[in-house]
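Only heavy atoms go into these numbers, but all of them, side chains included; no hydrogens, no water, no symmetry mates. Counting convention: from 1, in listed order, for ligands and their atoms alike.
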Amino acid sequence: MFDYLVVGAGFAGSVLAERLATQADKKILVVDRRNHIGGNAYDCYDESGVLIHKYGPHIFHTNSAEVIDYLSRFTQWRPYQHRVLAGVHGRLGPLPLNLGTINTLYGTSYTSFELEQFFASVAETRDEIRTSEDVVVSKVGRELYEKFFRNYTRKQWGVDPSELDASVTARVPTRTSRDDRYFTDRFQQMPLHGFTRMFERMLDHRNIKVLLNCDWREIRHLIPYGEVIYTGPVDEYFDCRFGKLPYRSLEFAFETLPTRFHQAVAVVNYPNDYAYTRVTEFKHLTGQEHAKTTLVYEYPRAEGDPYYPVPRPENAALYGRYKALAVATPGVQFVGRLATYKYYNMDQVVAQSLATFERIMGRRRHNVALPVEVSATPVHRNGLHGEHAARTPQLDSR
Ligand SMILES: Cc1cc2nc3c(=O)[nH]c(=O)nc-3n(C[C@H](O)[C@H](O)[C@H](O)COP(=O)(O)OP(=O)(O)OC[C@H]3O[C@@H](n4cnc5c(N)ncnc54)[C@H](O)[C@@H]3O)c2cc1C
């Protein structure tokens, strides 16, 4: 008999399995319907031997020392500062918009002070900030909005920013300095031997059994267990009885080239050209030495694996109905991004899972602060990239 059935071997499931097994001596069965552990953070070697992230680039960054301390039990790290360029009119400029971007694009030689004045002169006045378009044009004006934000957002979300909630680009990350780091978090580092190796270490315990290629619905009535940690889609748990929660998806196209490096930085965004949004070269992230290099092109899709919850009021209301059911379901903890219909970064899921463990143990922590970035978050997630968490100052209070 297992004490816990953990559905999903991503960050949420793996952290809770590890904590419950090692700290509470519980017997755990972890089930995942994919053929690997690690969830969306899974990495592996492709046919050429290049380490790739199967579900798109995952860059680890956090302001939480607690999260770093916890994960450091399972991995060493390599320092990595993420840098992104945007291709606009055949030129590459740094993102977030900074002094270098504007001077490159316009052939100017502004100082920081002059750039501040420039932004102020082009910003449009808005009485009310309602949409994502309002957020951006009220900060950097229409021209930069059109060049860098509008089309990227349309590709990423399939709708115009004027139809997207303001929360999507809640804060426009512009800098008047030359700082071209994508994030400004205190800790910016990648697992030295990759994410999958880290997950293997987390799950390597005599109390933990892992069953892959198995949907939990296939075994839920066959295997005896006590409680459930559920990290799959919350609507699916309840057979989508109120309808499906909408997600935006991605298709990934990988390409290996017979050259050491293809682009100057890990990620190049293409706001206006091509059907893909961005191109990632993994070796910048992983630090791997290899004669070849592998890139991934991201094509946003309406259908496919659930990646980004679509931030619209009607979807929040629909999630609210599922959440009410989840709260009223005894013996099941709903944890992680799919089970709480929130775009969380990896560090936020780790923090949420550690807090859930404390709650299960009766050491309840109310309003535990999730790691909050002080960096380029919202445009990354919504206007430009789409892989970033909305600012969520506190844990879901369930
Ligand atoms: C394209 C992309 C880029 C990202 N980039 C970053 C980044 O740069 N930095 C960052 O911090 N975060 C990033 N993230 C977010 C990161 O992926 C998540 O925070 C993290 O993976 C969430 O972990 P999780 O355990 O909640 O969910 P998941 O990793 O999705 O794991 C859930 C697991 O549950 C399994 N499952 C679901 N239903 C069932 C079922 N019925 N039976 C069995 N198994 C089931 C799934 O197969 C999956 O493996 C990115 C996400 C995406 C999509």
Side-chain angles (χ1 to χ4, degrees), residues 5-17 29-43 53-64 67 71 80 82 84 156 182-183 185 187-191 195-196 199 202 210-220 228-239 247-252 266-267 277-278 280 285 296 298-301 304-309 334-353 356 370-371 373 375-377 380-381 385-390 392:
L5 175 60
V6 175
V7 181
F11 267 103
S14 298
V15 170
L16 275 154
L29 176 63
V30 180
V31 183
D32 203 300
R33 60 185 170 196
R34 287 173 168 166
N35 64 358
H36 57 73
I37 58 173
N40 282 346
Y42 172 70
D43 54 18
H53 295 180
K54 184 170 180 189
Y55 303 97
H58 277 66
I59 296 118
F60 192 84
H61 55 100
T62 186
N63 285 311
S64 166
V67 167
L71 292 178
Y80 170 71
H82 192 45
V84 176
Q156 180 72 24
Y182 202 82
F183 305 113
D185 297 53
F187 305 99
Q188 304 186 41
Q189 52 208 52
M190 296 288 284
F195 287 104
T196 302
F199 282 104
M202 289 169 88
V210 179
L211 184 57
L212 298 175
N213 291 309
C214 181
D215 193 300
W216 88 294
R217 288 168 294 195
E218 294 171 47
I219 53 129
R220 63 191 291 190
V228 175
I229 307 284
Y230 182 80
T231 76
V234 63
D235 52 353
E236 217 179 274
Y237 184 94
F238 296 106
D239 300 320
Y247 279 92
R248 196 77 181 144
S249 191
L250 289 172
E251 194 179 312
F252 300 105
V267 173
T277 46
R278 60 176 182 167
T280 300
L285 307 178
V296 66
E298 290 178 38
Y299 295 86
R301 294 281 183 256
D305 275 2
Y307 289 142
Y308 306 117
F334 292 80
V335 196
R337 61 191 302 221
L338 297 168
T340 54
Y341 196 60
K342 299 251 171 12
Y343 192 97
Y344 284 144
N345 277 334
M346 296 180 280
D347 64 324
Q348 292 174 303
V349 172
V350 172
Q352 187 195 43
S353 307
T356 303
L370 282 180
E373 292 119 40
S375 53
T377 302
H380 183 69
R381 166 165 99 103
H385 296 296
E387 79 257 22
H388 231 344
T392 311

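Backbone and side-chain nitrogen or oxygen atoms of H61 are examined, and none is located within less than 3.5 angstrom of a nitrogen or oxygen of ligand 1. Backbone and side-chain nitrogen or oxygen atoms of E298 are examined, and none is located within less than 3.5 angstrom of a nitrogen or oxygen of ligand 1. Between F252 and ligand 1, a contact under 3.5 Å exists for no N or O pair. The shortest N or O to N or O distance between P57 and ligand 1 is under 3.5 Å. Between I59 and ligand 1, at least one pair of N/O atoms sits closer than 3.5 Å. Polar contact with ligand 1: absent for V349 (N/O pair, distance under 3.5 Å). At a 3.5 angstrom cut-off on N or O pairs, D215 counts as close to ligand 1. Considering backbone and side-chain atoms together, P233 places no N or O closer than 3.5 Å to any N or O of ligand 1. The shortest N or O to N or O distance between R217 and ligand 1 is not under 3.5 Å. Here's the thing with Y55: none of its N/O atoms is less than 3.5 angstrom from an N/O atom of ligand 1.
Between Y237 and W216, the ring planes are parallel. Angles under 30° get that label, and only those over 60° would be called perpendicular. Ring pair H82/Y182 is perpendicular by interplanar angle, where above 60° counts as perpendicular and below 30° as parallel.
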- Task: Evaluate side chain to side chain contact (heavy atoms under 4.5 Å, CB included) for F11 paired with F195, printing each intermediate quantity in order.
- Result: CA-CA 10 Å; F11 267 103; F195 287 104; 4.2 Å; yes
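The cationic group of R248 does not satisfy the cation-pi geometry with Y307, failing either the under 6.0 Å distance to the six-membered ring centre or the 45° limit from the ring axis.
Considering only non-hydrogen atoms, atom 31 (O) of ligand 1 lies nearest to G10 out of G10, A12, G56.
Here the rule is side-chain contact (heavy atoms from CB on, under 4.5 Å) with L250, and of Y308, Y55, Y299 only Y308 fits it. For the side-chain contact (heavy atoms from CB on, under 4.5 Å) test with V30, the passing option among V7, V6, L212 is V6; the others fail.
The closest approach between a heavy atom of E236 and any atom of ligand 1 is below 4.0 Å.
A salt bridge links R217 with D215: at least one charged nitrogen is closer than 4.0 Å to a carboxylate oxygen. Comment: R33 engages E236 in a salt bridge, judged by a side-chain N to carboxylate O separation of less than 4.0 angstrom.
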